[in-house]
Amino acid sequence: MKKIQDYRFLVQLLCLILTAVSFSISFKFTSLLILTLTFFTGVFYCGWVCPFGFIQDSFGYIGSAFGIKKRKIPKFLHRILKFSRYLILMLLLLNWSDFIFTALQFDPRVNFLSLVSGNTVIIISILVLVFFSLVSIFFQRPFCNYLCVQGAKYGLISLFRVFTIKRDADKCVNCKKCEQVCPMHIDITNTGNLRDPNCINCFQCINSCPVEKTLSFGRVKLSRPKKIHFSKVIVLLTLALSLFLYYSSSISHASGNNGQTITAEKVDGIADVDIAIGIKDGSYEGSSKGYKGTVKVEVTVKNEIIQNIDIISHEDDAVWFNRAKNTVLGEIIKSQNTDVDTVAGATYSSVGIINAVSNAVKTGTQ
Ligand code: SF4
Ligand code: SF4
């Protein structure tokens with residue numbers, strides 16, 4: 001177990017390199033693999049894979065190399081703030097707040113992935129990225145602890161994991177060394193089976209424990225809970241609501257366009273300027289890169305007017321994609337032009353749709 005942190009560092013580095021060279025097997029396969037692993041064994045993604053998690057760890061190591069001690073947020077504050085990422089996730093899934101979508105444009109995890117994949121990112125997003133990296137010198141994983149919706153999503157999925165960190169209470173001397181090193185500030189000594197949704201399976205607690213075999217990673221021993229934790233009830237309710245909403249929006253996407261195809265009849269005041277001039281009546285397919293994969297559309301032209309745009313398929317998260325789709329398609333038909341604004345918080349999906357429509361129209365001119 002001693003060398004595990006070296007292996008973790010190497011795996012994180014490898015994942016960063018694979019992201020940089022845009023290595024991909026199949027998005028669906030990778031997602032399914034990560035979700036299954038998370039469901040049964042916890043959030044390995046955050047501790048071992050996520051490139052922005054690695055960046056925060058690396059800045060933390062640099063700080064330690066210069067003798068900078070990690071500071072801890074007061075416990076009472078952490079106990080409140082640790083719910084913030086679940087709250088952001090819930091607001092996002094409920095689609096209640098435009099502010100959340102706007103703020104998520106600056107999500108340093110997403111922007112870092114974009115940067116290393118060779119895309120351009122606006123300067124404010126780079127500053128946010130630099131800010132969280134620098135804060136990581138003094139506080140461990142500041143972004144992961146309180147703001148990352150991806151981490152929150154995986155944390156919720158891992159709540160009933162079968163394999164986890166276990167503490168042998170009979171051997172534990174309560175020195176709390178494990179809690180001092182835990183980057184996610186988890187109360188490890190309060191439990192036997194650690195199924196905390198914030199745990200990232202970094203195993204630093206196991207490495208730091210002075211009594212051998214007190215902390216280990218293995219199958220959960222089931223026992224009746226002595227008391228019901230209020231925090232767990234909140235997290236569980238969030239899980240149930242979020243999953244319900246997430247899957248209902250995914251199902252509406254999977255079942256086709258579900259009446260959401262945008263047609264010229266549904267759009268007021270179509271502009272004179274148009275990109276369909278000279279294009280014969282017919283339906284044309286086009287595709288382009290969205291946030292997580294290819295966006296395919298079908299554009300129907302009649303009397304040199306774009307009448308209808310149909311999303312054939314996409315691989316982005318439904319909550320962001322639908323937000324982009326609901327605005328961008330209407331704007332394209334209204335202006336008869338692909339020179340339309342992207343939707344805040346769904347920029348990559350918007351760009352994917354716009355370019356796919358543009359490519360579809362181009363096939364009509366050939
Ligand atoms: S919490 Fe977010 S940023 Fe942190 S490691 Fe997990 S996915 Fe990455
Ligand atoms: S509990 Fe242990 S494995 Fe989980 S985040 Fe903390 S140190 Fe890492």
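Whatever order the structure lists ligands and atoms in, that order sets their numbers, starting from 1. Quick caveat, the model's predicted, so the values are computed rather than measured.
- Counting only protein N, O or S atoms closer than 2.8 Å to atom 4 (Fe) of ligand 2 gives 1.
- Between Glu179 and Lys75 there is a salt bridge, with a side-chain nitrogen of the basic residue lying less than 4.0 Å from a carboxylate oxygen of the acidic one.
- For the salt bridge (charged side-chain N to carboxylate O under 4.0 Å, His left out) condition, the pairs that include at least one residue of residues 40-68, sequence neighbours left out, are Arg8-Asp57, Asp57-Arg141.
- The ring-ring contact (aromatic ring centres under 6.0 Å, His included) pairs that include a residue from residues 102-121 number zero, where partners must be two or more places apart or lie in different chains.
- Residue pairs meeting the side chain to side chain donor-acceptor pair (under 3.5 Å) criterion with at least one member in residues 344-361, sequence neighbours excluded: Ser114-Tyr348, Asp316-Ser349.
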ring-ring contact (aromatic ring centres under 6.0 Å, His included) assessment of Phe40 paired with Phe163 = CA-CA 6 Å; Phe40 288 106; Phe163 291 88; 8.3 Å; no

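- Other residues, nucleotides and ligands place more than 12 heavy atoms under 6.0 Å from the CG atom of Asn174.
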